[in-house]
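Excluded from the calculations below are hydrogen atoms, water molecules and symmetry mates; all remaining heavy atoms, backbone and side chain alike, are included.
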Amino acid sequence: MNLIASSMFLTGTASNPMCQKFAADLGINITWMSWAAAGFVPGIVAFFIVPLVLYKLYPPELKKTADAPKMATEKLKEMGAIKTNEWLMLLAFFILLGLWIFGGSLSIDATTTAFIGLTLLLLTSVLTWEDVKSEKGAWDTIVWFAVLVMMASSLNELGFIGWFSDLIKTEIGGLNWIVAFPVIILVYFYSHYIFASATAHVAAMYAAMLGVGVSLGIPGMLLAMMLGFVGSIYGVLTHYGHGPAPVYFGSGYVDLKSWWVKGFEIGVLLLVIYMAVGGLWMKIIGYY
């Protein structure tokens with residue numbers, strides 16, 4: 001569910017803004033709203049279908065949790081009424097959400113919006129600078145994200161992306177774009193087995209795959225968005241394929257074989273949903 005939600009919004013995961021940037025380099029403009037409009041329908045369909053299929057493929061050992069509502073009620077009572085800082089946090093959240101949605105028309109990009117949110121939380125003392133400094137995971141993401149974007153841009157400037165695009169184009173150059181489109185998506189999706197990071201995968205291959213597809217006549221927005229969605233959902237394949245995966249795997253509830261087998265099966269299901277439902281939906285809303 002985490003990966004499906006990540007695929008639905010431009011701000012859903014760290015690699016999505018990278019997709020936006022690489023698409024912009026090819027003249028394909030993606031906004032928060034255009035991403036959300038394209039991802040909402042296949043994401044909702046996946047939200048309903050995937051749990052049902054997974055329940056059949058890998059049924060849980062514990063199927064009834066009668067005490068859960070009671071425990072939740074007790075915990076809420078322990079927390080007490082909503083505090084002032086929590087109301088301020090909620091206000092900042094809605095301001096950020098509004099700016100992410102309508103920022104394009106106000107000439108405020110996603111990065112500026114993020115700094116506005118951080119500033120609001122610091123000025124209202126919801127967060128202190130010590131809180132910000134202690135978020136080591138967030139700082140790691142910022143540093144690695146910046147390095148990977150710079151590396152990808154340099155590879156493009158040095159001609160690697162063009163060379164790789166030409167190599168792939170040579171192999172599938174004779175195909176009609178309707179055939180080439182699923183081929184590119186499948187190659188991109190299953191190549192994630194050799195990556196331990198969605199961000200690294202996007203940095204290495206997104207621009208090349210998008211460039212090849214556009215040169216073969218695949219509608220740019222269709223391919224850019226589908227590659228963007230895949231940049232989240234391919235995390236189901238392995239226990240190291242996405243940020244949350246090692247945490248879940250480390251809990252010990254799912255063995256390695258089950259993860260890979262069920263991950264492959266759910267991966268096929270997600271591909272079918274996003275390419276069939278998502279592709280049709282983008283046609284309906286005029287993306288190609």
Side-chain angles (χ1 to χ4, degrees), residues 1-14 16 32-33 35-36 39-103 110 113-142 198 232-233 235-236 239 242-254 258-259 262-263 266 270:
M1 294 301 101
N2 179 52
L3 299 178
I4 295 171
S6 296
S7 75
M8 294 171 67
F9 304 102
L10 179 61
T11 47
T13 188
N16 289 354
W32 193 95
M33 277 299 293
W35 187 300
F40 181 77
V41 170
I44 290 296
V45 172
F47 263 123
F48 282 102
I49 293 179
V50 170
L52 295 175
V53 173
L54 188 58
Y55 187 88
K56 296 294 183 182
L57 293 175
Y58 199 61
E61 297 175 2
L62 182 63
K63 297 183 179 180
K64 293 183 179 181
T65 53
D67 294 333
K70 181 180 178 181
M71 291 175 61
T73 302
E74 290 174 354
K75 292 295 182 182
L76 286 172
K77 287 181 179 179
E78 290 177 13
M79 292 174 65
I82 299 179
K83 301 176 180 63
T84 301
N85 279 356
E86 292 168 343
W87 281 115
L88 291 170
M89 180 70 189
L90 191 61
L91 175 63
F93 170 78
F94 281 110
I95 291 173
L96 286 172
L97 187 60
L99 289 175
W100 275 323
I101 294 173
F102 303 109
T113 296
F115 278 109
I116 290 172
L118 176 60
T119 302
L120 286 174
L121 294 176
L122 288 172
L123 289 176
T124 56
S125 298
V126 175
L127 291 178
T128 66
W129 188 243
E130 291 300 319
D131 294 328
V132 175
K133 290 194 300 181
S134 67
E135 291 292 335
K136 296 179 180 179
W139 287 111
D140 281 345
T141 299
I142 290 174
S232 290
I233 62 174
V236 304
H239 61 296
H242 217 275
V247 178
Y248 295 141
F249 182 71
S251 65
Y253 288 104
V254 183
S258 295
W259 189 297
K262 306 309 177 188
I266 295 299
L270 286 170

Practice prompt. Measure the spacing between CG of Leu120 and CD1 of Ile95 and express it to the nearest 0.5 Å.
Written response: 5.0 Å
Discussion item. With a sphere of 6.0 Å drawn around OH of Tyr58, does it hold more than 12 non-hydrogen atoms of other residues, nucleotides or ligands?
Written reply: yes
Worksheet entry | Closest contact, heavy atoms only, Leu122 versus Val132 | CD2-CG2, 4.0 Å
Contacts under 3.5 angstrom, residues 81-93 side chains, donor-acceptor by atom type, not counting sequence neighbours:
{"residue": "Lys83", "atom": "NZ", "partner": "Met79", "partner atom": "O", "Å": "3.4"}
{"residue": "Glu86", "atom": "OE1", "partner": "Lys83", "partner atom": "N", "Å": "2.8"}

Discussion item. Under the salt bridge (Lys or Arg N to Asp or Glu O under 4.0 Å) definition, can you give me all pairs with a residue in residues 120-131, not counting sequence neighbours?
Written reply: Glu130-Lys133
Item to complete: To the nearest 0.5 angstrom, please state how far the OG1 atom of Thr113 sits from the CG atom of Leu118.
Response: 12.5 Å
Worksheet item: Got a second to check how far Leu57's CG is from Ser258's OG, nearest 0.5 Å?
Response: 11.0 Å
Item to complete: Show your working on ring pair (Phe, Tyr, Trp, His ring centres under 6.0 Å) between Phe9 and Trp32 and close with a plain yes or no.
Response: CA-CA 7 Å; Phe9 304 102; Trp32 193 95; 5.7 Å; yes
Worksheet item: Could you walk me through whether Thr13 and His242 pass the side chain to side chain contact (heavy atoms under 4.5 Å, CB included) check?
Response: CA-CA 10 Å; Thr13 188; His242 217 275; 3.6 Å; yes
If you look only at distance, which donor and acceptor atoms sit under 3.5 Å apart when one is on a side chain in residues 1-8 and the other is two or more places apart or in another chain?
{"residue": "Ser6", "atom": "OG", "partner": "Asn2", "partner atom": "O", "Å": "2.9"}
{"residue": "Ser6", "atom": "OG", "partner": "Gly12", "partner atom": "O", "Å": "3.4"}
{"residue": "Ser7", "atom": "OG", "partner": "Ile4", "partner atom": "O", "Å": "2.6"}
{"residue": "Ser7", "atom": "OG", "partner": "Tyr274", "partner atom": "OH", "Å": "2.6"}

